[in-house]
Amino acid sequence: MTRTTTNDKKFNILFDIITEYQSYICDSALAYIEKNLALAEKAGNNEWLYRTKLQYSFVLSSSGLFRESKENIRTIPAGELSGQLLIDYYKMEVQLLENYVSYINDSRFGSKYQPEIEALRDSILYYLPADDVADRKFYQYVKYFSTGEMNLAEEELLSYFKAVEPGTHEYARICASLSGFYSRKGDKHNQVKYVILSAISDIQDAVKENTALMWTAVHLYETKDFQRAYTYIQSALEDANFYNTRLRNAQISRFTPLITEAYQQENEWQQQMLKKLLTTVSFLFLILLAIAVFIYIQMKALRRARTGMKKANEELKEMNGKLTLLNHELSEANAIKEGYISHFMDLCSEYIGKLEEYRKMIHNNIASKRFDELFKLTASARGKANEVKELYDNFDKAFLSIYPGFVEEFNELLKPEEHFDNKKGELLNTELRVFALIRLGISDSAKIASFLRCSLQTAYNYRSKIKRKAIHETDDIEEQIRRIGTIGS
């Protein structure tokens with residue numbers, strides 16, 4: 001392999017590296033440009049030298065060093081150039097002037113460069129070969145655009161756009177041109193659409209020397225989307241700083257204060273709204289807390305009320321039970337009263353009849369002067385015994401008619417061997433009569449003794465004897481006897 005071939009390869013590789021870096025980071029591009037300039041001068045190859053110097057001017061112009069870029073391009077003898085090199089020379093001249101006009105951003109001074117720019121574009125269009133359809137369409141569009149022939153300009157530009165591959169630096173450039181075209185035409189929708197496509201393409205192609213992201217931020221600012229506008233303008237500024245370009249920094253600095261101020265104002269407004277919202281939420285929380293405390297107190301009071309009601313219900317239930325028992329006892333007392341009234345009315349009627357017969361008999365004896373008969377009649381004790389027996393019989397019948405199961409229930413309180421053998425319907429004996437009187441509520445032993453025609457000690461003995469006969473020898477045997485025959489006993 002010859003030395004010339006090796007230098008050719010080295011130059012072309014460095015040239016491609018510079019092409020990649022010239023829109024990514026200028027410092028790296030300048031480092032490789034210096035290597036290629038040294039290689040071109042050493043090889044004595046003017047074509048290499050001019051091509052590299054055009055790259056050098058591009059990077060200097062893109063970074064905002066317009067004077068240095070112009071001085072560098074003036075070292076290239078335009079009269080010695082031809083073909084694509086001459087076309088690239090004119091393109092570089094146009095870029096330099098356009099960047100400078102954009103940098104000064106003043107129509108009073110920038111307008112004087114417009115004729116020179118148009119003349120250079122005409123030269124480019126003149127020297128472009130007929131088979132370079134894409135470039136010819138672009139510069140033909142620029143010519144129509146500058147002369148105000150908008151329909152023809154749009155036709156040429158869209159035709160060129162269809163031929164460009166998306167995601168390339170050329171695609172980003174044509175999208176930016178379309179955005180500028182529609183901006184002048186007043187078509188806001190397409191203006192924004194194509195500047196966004198241009199920004200996307202620059203990001204995909206890792207282009208840091210760009211303006212599309214800045215113009216996207218400006219559009220978002222105009223639509224009051226300050227949050228995203230601030231994010232995009234900061235990203236554009238980061239790209240400009242990364243590339244180290246004074247030109248893009250100058251352009252971005254025109255909009256950064258406006259967008260930053262709007263963003264800060266929106267943030268302040270949001271913070272104020274957040275404070276108001278927090279105040280409102282805090283107030284509502286306090287209200288909810290107060291309501292919760294009130295509900296808790298009410299529920300506690302309700303629980304106490306329920307407890308009180310439950311207690312009252314239990315007391316009422318107990319009172320109802322007592323009332324029911326009293327009603328039962330009253331019903332029982334009424335039943336006893338009615339039974340006794342009925343029975344003793346019969347007895348009274350019977351004794352009145354007997355007394356009438358006795359009176360008549362005495363009257364007849366007196367009338368007949370049978371005094372001996374009267375004396376015998378009043379002196380006999382048999383009549384008294386008969387009367388007492390009849391009293392007990394009537395008592396037994398009356399009592400057992402009211403409490404027919406008295407004997408059976410009474411026996412249930414006694415030990416089996418102590419049961420009374422009275423058959424059903426059999427009259428009471430003296431011992432049973434004592435407790436029959438207790439069942440009727442007569443607990444005074446003196447009264448019991450008087451009724452039964454016995455001594456007080458005998459009455460006591462009867463009562464003590466039954467306590468010993470009880471299944472459970474306790475003092476409440478008589479209380480149990482008092483409940484014999486009651487309802488629910």
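Residue numbers run from 1 in the order of the sequence given.
Across all their heavy atoms, Ile466 and Glu431 have their closest contact at CD1-OE2, 3.5 Å. When every heavy atom of Leu414 is checked against every heavy atom of Ile471, the shortest pair comes out as O-CG1, 3.2 Å. Minimum interatomic distance between Tyr232 and Ala217 (heavy atoms only, all atoms of both residues): CB-CB, 3.7 Å. Contact record, Tyr32 with Leu14: CD2-CD2, 3.6 Å, taken as the closest heavy-atom pair. Nearest heavy atom pair, residue Arg482 against residue Ile438, reads CG-O, 3.9 Å. Residue Ala459 comes nearest to Ile448 through the heavy atom pair CB-CG2, 4.5 Å, listed as atom of the first residue, atom of the second, then distance.
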Please tabulate, for the side chains in residues 221-231, all donor-acceptor contacts under 3.5 angstrom to protein atoms that are two or more places apart in sequence or on a different chain.
residue : atom : partner : partner atom : Å
Glu222  : OE1  : Lys188  : NZ           : 2.9
Thr223  : OG1  : His219  : O            : 3.2
Thr223  : OG1  : Leu220  : O            : 3.0
Asp225  : OD2  : Arg228  : NE           : 2.8
Asp225  : OD2  : Arg228  : NH2          : 3.3
Thr231  : OG1  : Gln227  : O            : 3.0

Listed pairs under 3.5 Å, donor-acceptor, residues 171-185 side chains, sequence neighbours left out:
residue : atom : partner : partner atom : Å
Arg173  : NE   : Glu170  : OE1          : 3.3
Arg173  : NE   : Glu170  : OE2          : 3.4
Arg173  : NH2  : Tyr160  : OH           : 3.4
Arg173  : NH2  : Glu170  : OE1          : 3.4
Arg173  : NH2  : Glu170  : OE2          : 2.4
Ser177  : OG   : Arg173  : O            : 3.1
Ser179  : OG   : Gln191  : O            : 2.8
Tyr182  : OH   : Glu154  : OE2          : 2.8
Arg184  : NH1  : Phe145  : O            : 3.1
Lys185  : NZ   : Glu154  : OE1          : 2.9

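For CD of Glu155, the number of neighbouring non-hydrogen atoms (other residues, nucleotides, ligands) closer than 6.0 Å is 12 at most. The 12-atom threshold is not exceeded at OH of Tyr100, counting heavy atoms of other residues, nucleotides or ligands nearer than 6.0 Å. Annotation for Met319: atom CE does not count as buried by contact number, only 12 or fewer foreign heavy atoms lying within 6.0 Å. Enclosure of atom CZ in Phe451 by more than 12 non-hydrogen atoms of other residues, nucleotides or ligands within 6.0 angstrom is indicated.
Without hydrogens or angle criteria, Thr168 side chain to Glu165 main chain gives a donor-acceptor distance under 3.5 Å. A donor-acceptor contact shorter than 3.5 Å is absent between the side chain of Tyr21 and the backbone of Leu30. Using modelled atom types, one side-chain atom of Arg463 and one backbone atom of Ser443 make a donor-acceptor pair closer than 3.5 Å. The backbone N or O of Lys276 sits less than 3.5 Å from a side-chain atom of Thr280, completing a donor-acceptor pair. With Ser62 contributing its side chain and Phe58 its backbone, the two residues share a donor-acceptor pair below 3.5 Å.
With contacts defined as side-chain heavy-atom distances shorter than 4.5 Å, the pair Leu428/Val407 qualifies. Residues Thr458 and Leu452 have side chains not in contact (no heavy-atom distance under 4.5 Å, counting atoms from C-beta outward).
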Notebook entry, point to check: Do Met273 and Trp269 pass the side-chain contact (heavy atoms from CB on, under 4.5 Å) test, and can you show the C-alpha distance, the side-chain angles, and the key distance before you say yes or no?
Noted result: CA-CA 6 Å; Met273 291 301 295; Trp269 178 82; 3.5 Å; yes

Next item on the list: Assess whether side-chain contact (heavy atoms from CB on, under 4.5 Å) is satisfied between Asp202 and Leu213, documenting all intermediate values.
Entry: CA-CA 9 Å; Asp202 280 338; Leu213 198 57; over 6 Å; no

Notebook entry, point to check: Can Gln270 and Asn267 be said to form a side-chain contact (heavy atoms from CB on, under 4.5 Å), step by step?
Noted result: CA-CA 5 Å; Gln270 288 177 347; Asn267 272 354; 3.5 Å; yes

Note to self: Is there a side-chain contact (heavy atoms from CB on, under 4.5 Å) between Leu65 and Val59? Walk through the geometry before answering.
What the structure shows: CA-CA 9 Å; Leu65 299 171; Val59 174; over 6 Å; no

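Atom CG of Leu437 and atom CZ of Phe395 lie 4.0 Å apart (nearest 0.5 Å). Note that OG of Ser464 is 8.0 Å distant from CD of Gln457, once rounded to the nearest 0.5 Å. One finds the OG atom of Ser28 at 10.5 Å from the CD1 atom of Ile33 (value rounded to the nearest 0.5 Å). Between atom CD1 of residue Ile13 and atom CD1 of residue Ile18 there is a gap of 12.0 Å, rounded to the nearest 0.5 Å. Note: Glu156 CD to Phe161 CZ = 15.5 Å, rounded to the nearest 0.5 Å. Between the CD atom of Gln140 and the OG atom of Ser159 there is a distance of 11.5 Å, given to the nearest 0.5 Å.
Classification of the Phe399-Tyr403 ring pair by plane angle, with boundaries at 30° and 60°, yields tilted.
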